[in-house]
Novice: 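Once you've had a glance at the structure underneath, I'll fire off some questions.
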Amino acid sequence: MSTIEQLWRYPVKSLQGEQLTSTEVTDVIPGDRAWGILDNESGQLLSAKRVPKLLEGSAALVDDGCLITIDGNEFHSNDAGVDAGLSAWLDREVRLALPTPGEQATIEIEWDEGLDETPEEPEVFEFSTSPGWFFDSSSSLHLIGSGTLTMLDSRVGEGAGDVRRFRPNIVVATSEAFIEDEWVGKELLLGGVTVDVKKRTDRCIVISRAFGEFPASRKTLKYLSKNHQREAGLSLEPIKPGLMTVGDTVEVPND
């Protein structure tokens, strides 16, 4: 039987998030990817898929908004100077935004097969997305097993399985790599929350970016492309709200 080992929330899309000990879950983890950073000129929602510098910042929820930390400076989402601070940091005019219900924004994603360390002309696609949701709008939570992360560190190299690369909401304790794949198509009970496991999660260029002390590298993406259909972790849809807490058991009710 697995247990919940880590819980994460990412208040601003593509910024680093905050580790939690417990969280309510509705159709999402409240506040997860609630804010986005929009380019004023293009109107596009910025993502680490095309703007890797975003991963150097972090955000945490506070009582009446979120607190963003960049280069040692803090900006509250309600501060008059937050947009100016973000613009100076990213060297482009941007604004921090909370979307209205149903609002869509255009986002770019860089795509290649993950086999070339320095692709000359990776393909770039545009599509619409809503902050707070993954690209498959039926999945608002992401889970990965600790055994998968441990294996990547061992097989690919130190940092390949760093949790920051995969940005999960939930890390569960597992003894083997990819054992969580067995839950696809099933319902899971995560503490007091019931979720539908929609699919394995396809990985994109974000996992190749630099994270903290680890330089940018396509080795993890290359490994997954060759050995696991470029997938790692699971995309989940909550179907019964409740409370999740680190240490809670992970159960498959109908097994």
Novice: Does M151 reach the side chain of F178, with side-chain heavy atoms less than 4.5 Å apart?
Specialist: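 M151 reaches F178 side chain to side chain.
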Novice: Can you check side-chain hydrogen bond (donor to acceptor under 3.5 Å, both in side chains) on R167 and Y10, steps first, answer last?
Specialist: CA-CA 8 Å; R167 302 173 61 75; Y10 307 89; 5.9 Å; no
Novice: Between E231 and D202, which heavy-atom pair has the shortest distance, and what is it?
Specialist: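 Taking E231 first and D202 second, the nearest heavy atoms are CG-CA, 4.0 Å.
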Novice: Does CD in E41 sit with more than 12 non-hydrogen atoms of other residues, nucleotides or ligands closer than 6.0 Å?
Specialist: no
Novice: Answer whether the closest heavy-atom distance between the side chains of D83 and L96 falls below 4.5 Å.
Specialist: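 With C-beta onward as the side chain, the pair touches.
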Novice: Is there a donor-acceptor pair under 3.5 Å between the side chain of N169 and the backbone N or O of H142?
Specialist: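 Judged by distance alone, yes, a pair lies under 3.5 Å.
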Novice: Can you name the nearest heavy-atom pair linking V156 to T220, along with the distance?
Specialist: CG1-N, 3.8 Å
Novice: Give me the atom names and distance for the closest heavy-atom approach of R92 to V51.
Specialist: NH2-CG2, 3.9 Å
Novice: Inspect the surroundings of CD in Q19 and state if more than 12 heavy atoms from other residues, nucleotides or ligands are less than 6.0 Å away.
Specialist: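 More than 12 heavy atoms, drawn from other residues, nucleotides or ligands, come within 6.0 Å of this atom.
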Novice: Do S2 and T174 pair up side chain to side chain, a donor and an acceptor below 3.5 Å, judged on atom types alone?
Specialist: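 The criterion, which ignores hydrogens and geometry beyond distance, is not satisfied for T174 and S2.
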Novice: Check whether more than 12 heavy atoms from other residues, nucleotides or ligands sit under 6.0 Å from atom CG of D91, and answer yes or no.
Specialist: no
Novice: Can you see which heavy atom on S14 is nearest to which on S47, and at what distance?
Specialist: OG-CA, 3.4 Å
Novice: For residues L7 and I170, determine if any side-chain heavy atom of one lies less than 4.5 Å from a side-chain heavy atom of the other.
Specialist: yes
Novice: Taking atom CZ of R155 as the centre, report whether more than 12 heavy atoms of other residues, nucleotides or ligands fall under 6.0 Å from it.
Specialist: no
Novice: Taking the side chain from D196 and the backbone from K198, do they hold a donor-acceptor pair closer than 3.5 Å?
Specialist: no
Novice: Can you check whether L90 reaches L54 side chain to side chain, under 4.5 Å on heavy atoms?
Specialist: yes
Novice: How far does CG of L234 sit from OG1 of T148, to the nearest 0.5 angstrom?
Specialist: 8.5 Å
Novice: For residues V250 and I4, determine if any side-chain heavy atom of one lies less than 4.5 Å from a side-chain heavy atom of the other.
Specialist: yes
Novice: Does the side chain of L221 reach to within under 4.5 Å of the side chain of R230, using non-hydrogen atoms?
Specialist: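 In contact.
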Novice: Okay, side chain of E18, backbone of L61: is any donor-acceptor separation there less than 3.5 Å?
Specialist: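 Such a contact is found between E18 side chain and L61 backbone.
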Novice: What about V252 and V197, same hydrophobic cluster or not, with Ile/Leu/Val/Met/Phe/Trp/Tyr joined at side-chain heavy-atom distances under 4.5 Å?
Specialist: yes
Novice: Which heavy-atom pair separates G145 from E180 by the least distance, and what is that distance?
Specialist: N-OE2, 3.1 Å
Novice: Under 3.5 Å, side chain of T201 to main-chain N/O of S235, donor-acceptor pair present?
Specialist: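 Yes, because the side chain of T201 sits within donor-acceptor range (under 3.5 Å) of the backbone of S235.
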Novice: Mind listing the closest non-hydrogen atom pair of E5 and A173 along with its distance?
Specialist: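 Between these two residues, the closest heavy atoms are OE1-CB, 3.6 Å.
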